[in-house]
Structures are given as C-alpha cells and as structure tokens.
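Here, residue 1 is the first one in the sequence, and each next residue gets the next number. Just follow the structure's listing: the first ligand is 1, and inside any ligand the first atom is 1.
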Amino acid sequence: MSFDLVMFGGTGDLAWRKLMPALFQAFRHGTLPAGGRIIGVGRDDMSHEQYRDLIRKRFDKVELAKRPSAEEFARFAELLEYVRMDLSKAESYQALANTLQQRNADTVVMYLATAPGLFTTICEQLAAHGMNSPHIRLVLEKPLGHDLESNRAINLTVRRFFQENQVFRIDHYLGKPSVQNLFALRFGNALFEPLWRREHIANIQISIAEDLGVESRGAFYETTGALRDMVQNHALQLLCAIAMEPPINAHADAIRDEKLKVLRSLKAWTPVSLQQDVVRGQYSAGTSGGLPVPGYLQEAGVDPNSATETFVALRTEIANWRWAGVPFYIRTGKRLAGRDARIVINFRPTPHAIFDTGNTASNQLVINLQPKDGLELHLLAQGQHTRAAKGASAQTLSPVHLDLDFDKRFGSERVGAYERLLLDVIDGRLNLFVRSDEQEEAWRWVEPILDHWASDPQGPRHYAAGTWGPSASSAMIARDGFCWAEES
Ligand code: BG6
C-alpha cells in the first residue's frame, strides 16, 4: 500500500519533537508500510535536500536510543520531501495537489500540525483543490478550539468537507501503551468486572503530574492553562476508559459511543460545586530535581499578572447506575513533585474487621501510566505477630503489593504513542481517535469552570514548584474522608 503523509507545520516543534522521531521508529521497526513518502510543508524556501538536512540535525536533540545512525538516516531520508506553501494562498494548494497527483498514492494523510487558527482555511483550501476524496485522511492535533463554540466551529467546517471516518482527532494519551492496557485490563479480563462498580469502589483518582514547567511554551500556555491543556482531553479520556461500559465490540464507534455516554453522565456543575470541588493553582518559585526554578509569572512569554492556572484538582461524579455516588478526583499540574501519571482505584474496606489493620484497611488497584507502566494490586497480608499489651498474641496485617511491570515484561516490543497513532492513521483504524461529539461534550462540561474562573476575583492559589500543588487540593479530597495516594 503506498501512502503520502503531508505534514503541515513540517518544520515546527511537534514535527521534529514527536512526529519525525515516531515515523523513524516505525521505519526502524519495519512497521511503516513500504512505498511511503513524507512531505514536510513549511513557509521557508528549501530544497528537499535542505529539509532532510534540517531534520537530520534535529534528530541530534532526540534521546540517544531513538536517534538514527548515519546509515539509518540516509535510508529514512529517501522518504522525505519538502513543499513550500503559503497556507493562505490558493496557488500553494494547487502546487501540493500537483505533487500528490504525480504519484497518486493509495492513501494520503494530511497531518495538521499547525496553529489551530489555520485549520479552517486549510480544510477549505484542500477541498477547493480536490484533496478531500475518500482516500484522504485528515489528522487534527489538539487544541481543537478553546471553548465549546470554537470547537464546534472547527468541527462544522471539517464536516462540510470531510466525512467523520476521514477525520483523526489526536489525543496522544490514547496511544500510550499503558492506556491500551487499561482497555485490556477491563475488557480482556473478567476478574475485575464484578468489582468495577459503586458497591465495591470507594473512590477513583486520576492524577497526571509533570515536573516540568511551561518550558518555551509560555505564550501558548497563557491562553490555554491546565484545564484546557490536560483536563478537557487527556484526563477526561482516561476517565472514560475507566468508567465506560464494555463496548459491544472493538470497533471505533462502539468504543466512542460508550465513552460519549460517560461524558454525558458527568455531574453538572452548580455554583456550590464550582466553589468547593474545583481547585486552580499556579506555581511559584521552588525547586525541580533539587535545583531552584522560577515561578510561572517569571517564565518567558507570561504576563506578570497572569491568572492562568498551571494546576487543577477537581471532584466529580458520574450519574449512572454503575457509579452514582462514587467520587472521581482528577488532578494535573506542572512543576509538581515528580513526573507521575497514575490512576488509583480505592476499594471499600471490609464490612466487618476481625484483624487489627491500623489505618491501612482497604485494597487498592494502581494503574501506573508513566514513567512506570504497570499494575500494582495492594492487599493486606499477615506479615508479623506482635505481642499485645496483655501478653496475648495479636494479628496485625501489613500492606503488601503485587507488582506487574509492563516495561520489563514487554520491553522492546512496546510502541510509543505517536508511532502507534501514526500507523493507525495510515492503516485507517479510528479506535484510538476522538469523535467530534465526544470532544464537544467534554468542552460542554469544562466550560462552566472556565466561566466561573473568569468572574472569580480570587484567582489561582499559589504552590511552590516541586510540591503536590496547593493545600486546597488535599483539603478538597479530605472533605470526603479520603486523601491523595501519596498522602496515605
Ligand atoms: C500535551 C500538553 O498535550 O501533553 C503538554 O500540551 C503536556 O503541556 C503533554 O506536557 C504531556 O504529555 P506526556 O505524554 O509527556 O504526558
């Protein structure tokens, strides 16, 4: 099968940080279909050779294990071409159409790795030049809009020119092996299903912590913030994977239908819950990896009076028979105490205690997403006998855990998120991509939070870089009698 992959934004950050390295890995692993061509699109005047040279130099910044040798790059570079385009000009699109026609590949992927403000123009122009026929696939990177209305506007334009099954909306969390395993855990094994409900689960925590700050993306982050950057997409997709009903089969729409139902069942916000159940934070100066780091307000491209949040913690519920009353806590932030993404399922304690369990009385399933990738099942076992005060023997239970490390088990067979997703686009598999109605529903749910913040004079709470966020986040969960996993 021949394919052309056109990368709009072919000289940009995403292209060289994620897309090119992922395509190279697929090439190295022999999974990139033969007969492919990767066409970088950019504004600058460059020959194919100069573009290859630029990409080769950028690979020097990629981690060592993922860097090509000179010989490997020379073979990979044979796939690379460059087309200069002014994305606002019709002639540019005609030139692209001509380039594509010369080869007439079986599949053409249009990867829009540009500023989202350009999506509408690009879609219109592609269609105007006949580049929207069924063998053409459109890949849209997040952020897709900044609220419900702008998201709808993009989806509306896209729908005018492309069928839904041609559109691949990326949420790279869905491509992570650890997230794939979450689906496998739930729908490939019968063990947990009977327990996966309100009768047995006390609460669920989804935590995506990053130790990095905003890096060079201050200007982008200023208009985005953690809620739009991480919660509206990645965290809610994780929540869907945890809470959805088993789909009737593994086809894309069956899975997306179930995820959509979860999003629709999220408890609606009220003025009280917006006050009590959402915490926004912003990092101030502190440390990272033992070194002093500046606060958010001192970062390049950031307004010194900015109220943009770099941290969000929230509590919600899912109003359906399986989950009614079970709190779901979501937390994400930059410059936290470490890079650690995990989902913690806290089971209810035994209904009647016959052992002395101290304060470690319940079971826990921990789904480690990164940097560790695996499962831990926390149980209680009888590790020691102690002498009770009156001389009688008392049985004390101690926490132990079963630890399954997927990296150790599957090691080199594992495929990175972008590699997996790019191969899925080329092969036309939509399972791991987000449908427009899911995205709109997620925006509908986060929008009241954005509106509330816009009119809330309190602003974000500050937390020192290198900590777990503002204390209000711990207070929020403590109100229910629980604590974040690292506090237990
Ligand atoms: C991106 C966000 O979608 O995800 C970034 O825009 C964030 O701000 C990144 O750092 C986190 O991805 P990962 O794969 O490193 O957890």
> Any idea which atoms of ligand 1 are less than 4.0 Å away from a heavy-atom of K334?
Replying inline: 5 (C), 7 (C), 8 (O), 10 (O)

>> Give me the nearest non-hydrogen protein atom to atom 12 (O) of ligand 1 as residue plus atom name, then the distance to 0.1 Å.
In response: H172 NE2, 3.1 Å

>> Which residue is it: Y418, F59, W16? I am looking for the one with a ring pair (Phe, Tyr, Trp, His ring centres under 6.0 Å) to F24.
In response: F59

> Of all the non-hydrogen atoms in the protein, which one sits nearest to atom 16 (O) of ligand 1, and at what distance?
Replying inline: Y173 OH, 2.5 Å

> What's the spacing between D437 CG and L260 CG if we round to 0.5 Å?
Replying inline: 4.5 Å

>> One thing to verify: whether R435 and D257 come together as a salt bridge, which I'm taking to mean a side-chain N less than 4.0 angstrom from a carboxylate O.
In response: yes

> Applying the side chain to side chain donor-acceptor pair (under 3.5 Å) test to N151, which of R444, Q232, H146, Q439 qualifies?
Replying inline: Q439

>> Only heavy atoms of Q370, strictly under 4.0 Å: list the atoms of ligand 1 that pass.
In response: 13 (P), 16 (O)

>> Walk me through whether W484 and S207 qualify under side chain to side chain donor-acceptor pair (under 3.5 Å).
In response: CA-CA 9 Å; W484 294 107; S207 173; over 6 Å; no

> What is the distance from atom CG of D451 to atom CH2 of W269, rounded to the nearest 0.5 Å?
Replying inline: 13.0 Å

> Between K18 and ligand 1, which part of the residue brings a heavy atom under 4.0 Å of the ligand: side chain, backbone, both or neither?
Replying inline: neither

>> Below a 4.0 angstrom heavy-atom separation, can you tell me which part of Y221, side chain or backbone, both or neither, approaches ligand 1?
In response: neither

> Should the heavy atoms of other residues, nucleotides or ligands under 6.0 Å from NZ of K142 be counted, would the total exceed 12?
Replying inline: yes

> Any idea which protein heavy atom is nearest atom 6 (O) of ligand 1, and the distance to it?
Replying inline: D229 OD1, 2.6 Å

> What residue and heavy atom of the protein are closest to atom 15 (O) of ligand 1, and at what distance?
Replying inline: R339 NH2, 3.5 Å

> atom 13 (P) of ligand 1: which of K176, H234, E210 has the nearest heavy atom?
Replying inline: K176

